[in-house]
Protein chains: 2
Amino acid sequence: MTTDVKPRSFVSARMVAEKAGVSRSAVSRTFTHGASVSEETRRKVLDAAGALGYHVNHLARGLRERSNIVCLVVADMTTPIRAGMVDVLTRELQASGKITMVINTRADTESVSQALRQTLNYRADATVVLSGTPPATLIETCLANGQQVVLINRDDKLVGSHNLGVDNAMAGREAYFLLRRAGCQRLGLVTSDAGTASLVERERVFVDAARADGIEVAVFETGPTGYASGFEAGRRAFGRSSSPDGVFCVTDLLALGFMDAAMHEFGLRIPEDLCVVGFDDIEQAGWQSYRLTTFAQPLKDMAEQVMDLLLDPDSAGSERILFEPTPRWRKSVRPGPV
Amino acid sequence: MTTDVKPRSFVSARMVAEKAGVSRSAVSRTFTHGASVSEETRRKVLDAAGALGYHVNHLARGLRERSNIVCLVVADMTTPIRAGMVDVLTRELQASGKITMVINTRADTESVSQALRQTLNYRADATVVLSGTPPATLIETCLANGQQVVLINRDDKLVGSHNLGVDNAMAGREAYFLLRRAGCQRLGLVTSDAGTASLVERERVFVDAARADGIEVAVFETGPTGYASGFEAGRRAFGRSSSPDGVFCVTDLLALGFMDAAMHEFGLRIPEDLCVVGFDDIEQAGWQSYRLTTFAQPLKDMAEQVMDLLLDPDSAGSERILFEPTPRWRKSVRPGPV
DNA sequence: TTGACCAATGCACTTGTGTGCATTCGAGAA
DNA sequence: TTCTCGAATGCACACAAGTGCATTGGTCAA
């Protein structure tokens with residue numbers, strides 16, 4: 001063995017050109033739409049490319065113009081609602097020829113900072129943040145580098161970034177209305193310690209609406225956003241003297257946990273003894289054991305809006321785009337008083 | 001306006017060099033671990049880089065050596081088990097400094113082919129396939145181009161590709177044993193029309209084990225893998241004369257749907273009237289309304305194994321690595337006969 | 001027959017890195 | 001003072017593409 005040169009793992013345009021007996025430019029032009037190549041050369045190039053297994057290097061192409069890479073920063077991916085968002089977004093991005101880099105981050109700031117830096121390292125054209133708390137300075141760096149930034153369900157007011165969100169206030173009001181119409185007297189609210197803007201707003205509007213009618217709401221906050229916290233909230237809610245008969249849970253997962261505690265730990269019937277309203281309309285909310293009345297986030301619409309923003313190069317951004325959650329009437333709320 | 005030259009969106013090493021008054025090589029070396037740079041130059045470069053907001057372009061870096069990109073090909077991402085896989089894998093990849101490209105594909109072959117091609121276009125070092133049916137020829141192309149290929153829960157026997165999977169046979173046998181010990185007489189099996197190798201194997205082993213004891217199993221196959229199919233299976237199972245009293249569902253989602261139909265449509269008690277065993281141990285299986293006895297896929301272990309394979313450059317591959325699913329005893333199966 | 005014109009092609013430059021090689025510079029030893 | 005050695009630095013090239021510009025070859029009309 002004189003040479004240690006093992007066959008190059010990736011074939012380049014140069015190698016195709018050699019095999020086809022043409023110039024490298026010809027290869028390049030063959031794979032560029034609208035370039036001027038004779039039919040004969042084109043065929044020779046395509047034959048050689050097929051034989052060698054050639055694939056255009058999008059990384060090198062991205063060196064000159066745009067990379068077509070979009071970064072998706074997301075936390076709590078196993079949560080049904082988040083999984084749904086990632087699913088619809090990746091699908092939509094792919095359909096437009098973009099490629100998706102997923103950055104899975106825990107909630108802590110340091111982790112997100114690192115993630116955002118990766119975004120810049122790989123020259124992503126845009127960054128879509130589904131969660132976490134990216135420091136404003138880092139997002140500004142993204143913007144300064146010409147990236148487009150889309151924030152979903154967050155309430156930062158960063159100049160230049162796009163902001164999508166659902167109308168939480170509407171959901172809070174509507175939830176209160178539903179429970180009152182069902183004749184509920186002792187209202188409760190279940191939330192998490194996440195302190196996300198969306199969650200806080202739903203809580204605030206619901207509590208305020210009740211207070212305007214002179215009704216005080218019992219608030220339960222037992223841990224992170226999830227089934228377990230809802231279950232624990234249920235345990236506490238019914239383990240004492242005055243227990244609620246109508247509850248708004250700011251998230252479906254919380255609601256399902258709460259319902260399970262009420263049903264299986266305390267033998268309550270839903271909706272006869274207890275009415276529950278959730279938010280998100282995750283798949284499980286429609287399962288026969290729960291049939292939760294809730295609000296659906298228009299995921300598909302939001303994803304399409306994101307694509308419109310990304311594909312429009314000179315979209316100004318920085319105004320907040322609100323989406324109407326659509327109510328899903330199921331069986332966890334009575335149509336009227338008992 | 002004489003010039004139309006707007007400030008370059010991304011700052012390059014050249015610009016940093018100019019501002020710092022050093023050569024571009026110095027900048028490059030500052031950001032390369034172990035290179036020879038004086039402390040003074042390093043500081044000047046870092047200052048300039050900070051002021052300009054410079055970030056190393058990993059795309060250009062990837063032109064020379066490896067790209068550090070790993071492609072994750074996945075279908076049915078909203079499914080809890082898949083979401084869990086994507087979550088743990090992205091987390092693990094990130095921890096090793098890899099970047100994850102998610103390719104969301106429908107089950108059809110054409111879609112997956114296109115996805116695999118993207119993988120090659122972006123010079124991914126490796127491809128991890130969670131699902132779908134990539135044609136063998138395409139995977140061979142990946143291998144020929146020096147990519148590592150990891151197939152999870154599939155049964156292709158492609159030379160050079162790594163194969164991870166869980167011991168489906170063990171689960172099938174164990175499920176049969178559990179139901180028999182509970183005293184179940186009329187066994188049923190719920191599966192989907194997906195025809196995945198894993199699903200088929202679980203079904204086959206379960207049915208064979210029963211047949212060996214002279215017991216015939218009623219098989220229900222009503223649609224794609226999911227809650228709705230399980231529910232429909234339940235409807236059919238109890239809508240006729242001889243209904244099962246012990247059922248193995250090849251997936252938790254099928255099991256939960258089946259249980260809901262049994263409980264809410266036919267008023268059956270679990271486990272008194274009906275025993276159910278699932279597979280996957282998704283989060284919902286532990287919820288209070290179900291408490292499903294099932295088998296957990298060792299997601300974390302599998303992800304770590306994937307990382308070991310990817311980080312070891314000369315791992316031969318092509319042998320199948322089996323993982324033991326761990327049984328989760330809950331309440332959907334009686335400990336003994338009624 | 002010759003000028004004009006157009007399609008096809010190749011050369012050379014661009015993008016942003018990392019790095020081998022040569023050069024420079026300064027310090028320490030003889 | 002001079003020689004040696006190592007650290008620091010810059011030049012130039014490689015990587016894999018796209019593309020402006022010049023050149024070539026062929027066809028058609030005058």
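Remember, it's a predicted structure, so these values are computed and weren't measured experimentally. Reckoned from all heavy atoms, side chains included, excluding hydrogens, waters and symmetry mates. Reminder, nothing fancy here: chain letters follow the sequence lines and each chain counts from 1.
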### Task
Can you tell me the distance, in whole Å, between the CZ atom of A:Arg42 and the P atom of C:dT9?
11 Å
### Query
So which of residues 18-37 of chain A are in contact with DNA chain D, with a heavy-atom cut-off of under 4.0 Å?
A:Arg24, A:Ser25, A:Ser28, A:Arg29, A:Thr32
Under 3.5 Å, which donor-acceptor pairs link side chains of residues 39-49 of chain B to any protein atom two or more places apart or in another chain?
unit_1  : atom_1 : unit_2  : atom_2 : d
B:Thr41 : OG1    : B:Ser38 : OG     : 2.6
B:Arg43 : NH1    : B:Asp47 : OD2    : 3.2

### Message
Heavy atoms from C-beta onward define the side chain here; which of D:dA16, D:dT9, C:dT17 lies closest to that of B:Ser38?
### Response
D:dT9
#### Entry: Sole candidate of A:Val129, A:Val128, A:Val73 that passes side-chain contact (heavy atoms from CB on, under 4.5 Å) when paired with A:Ile152
A:Val128
### Message
Nearest whole Å is fine: how far is D:dG18 P from A:Arg14 CZ?
### Response
15 Å
Please tabulate, for the side chains in residues 297-305 of chain B, all donor-acceptor contacts under 3.5 angstrom to protein atoms that are two or more places apart in sequence or on a different chain.
unit_1   : atom_1 : unit_2   : atom_2 : d
B:Gln297 : OE1    : B:Asn153 : ND2    : 3.3
B:Gln297 : NE2    : B:Asp280 : OD1    : 2.8

### Task
Starting from the 5' end of DNA chain D, give me the residue, A:Val56 or B:Glu40, whose nearest nucleotide shows up first.
B:Glu40
### Query
With B:Thr100, which residues qualify under side chain to side chain donor-acceptor pair (under 3.5 Å), at least two apart?
none
### Query
How sharply is the helix from C:dT1-D:dA30 to C:dA30-D:dT1 bent, taking the axes over five pairs at either end and rounding to 10 degrees?
50°
#### Entry: ring pair (Phe, Tyr, Trp, His ring centres under 6.0 Å) pairs, two or more places apart, involving residues 135-155 of chain B
none
### Query
Is a side-chain donor or acceptor of A:Asn145 paired with a backbone partner of A:Gln147 at a separation under 3.5 angstrom?
no
### Phosphate OP1/OP2 of C:dT17 contacted by A:Arg123 side-chain N/O (<4.0 Å)
yes
### Summary
By side-chain contact (heavy atoms from CB on, under 4.5 Å), B:Ala194 pairs with (sequence neighbours left out) B:Ser192, B:Thr196, B:Leu199, B:Thr225
### Task
Could you state the atom-to-atom distance from CE of A:Met15 to P of D:dC15 in whole Å?
11 Å
### Between C:dT14 (C1') and A:Arg64 (CZ): distance, integer Å
5 Å
### Summary
Sorted by chain and residue number, the side-chain contact (heavy atoms from CB on, under 4.5 Å) partners of B:Asp76 (sequence neighbours excluded) come out as B:Thr79, B:Arg82
### Task
May I ask you to evaluate whether B:Arg61 reaches the phosphate of C:dG18, defined as a side-chain N or O under 4.0 Å from OP1 or OP2?
yes
### Query
A:His58 has an atom NE2; how far is it from atom P of C:dG16, in whole Å?
19 Å
#### Entry: Interface residues of residues 46-55 of chain B with DNA chain C (non-hydrogen, below 4.0 angstrom)
B:Tyr54, B:His55
### Task
Could you tell me which residues satisfy side chain to side chain donor-acceptor pair (under 3.5 Å) with B:Arg91, sequence neighbours excluded, listed by chain and number?
B:Asp87
### Summary
Separation of C:dT17 atom C1' from A:Tyr122 atom OH, nearest Å, is 13 Å
### Summary
note: A:Asn57, atom CG; D:dA14, atom C1'; distance rounded to Å ~ 14 Å
Per-pair distances, 0.1 Å, donor-acceptor, side chain in residues 24-37 of chain A, under 3.5 Å, sequence neighbours excluded:
unit_1  : atom_1 : unit_2  : atom_2 : d
A:Thr30 : OG1    : A:Ala26 : O      : 2.7
A:Thr32 : OG1    : A:Ser28 : O      : 2.5

### Query
Does the side chain of A:Val306 reach to within under 4.5 Å of the side chain of A:Glu92, using non-hydrogen atoms?
no
#### Entry: Residue pairs, two or more places apart or on separate chains, that pass ring pair (Phe, Tyr, Trp, His ring centres under 6.0 Å) and touch residues 58-106 of chain B
A:Tyr122-B:His58
### Length of the CG-C1' vector between A:Leu63 and D:dA17, whole Å
8 Å
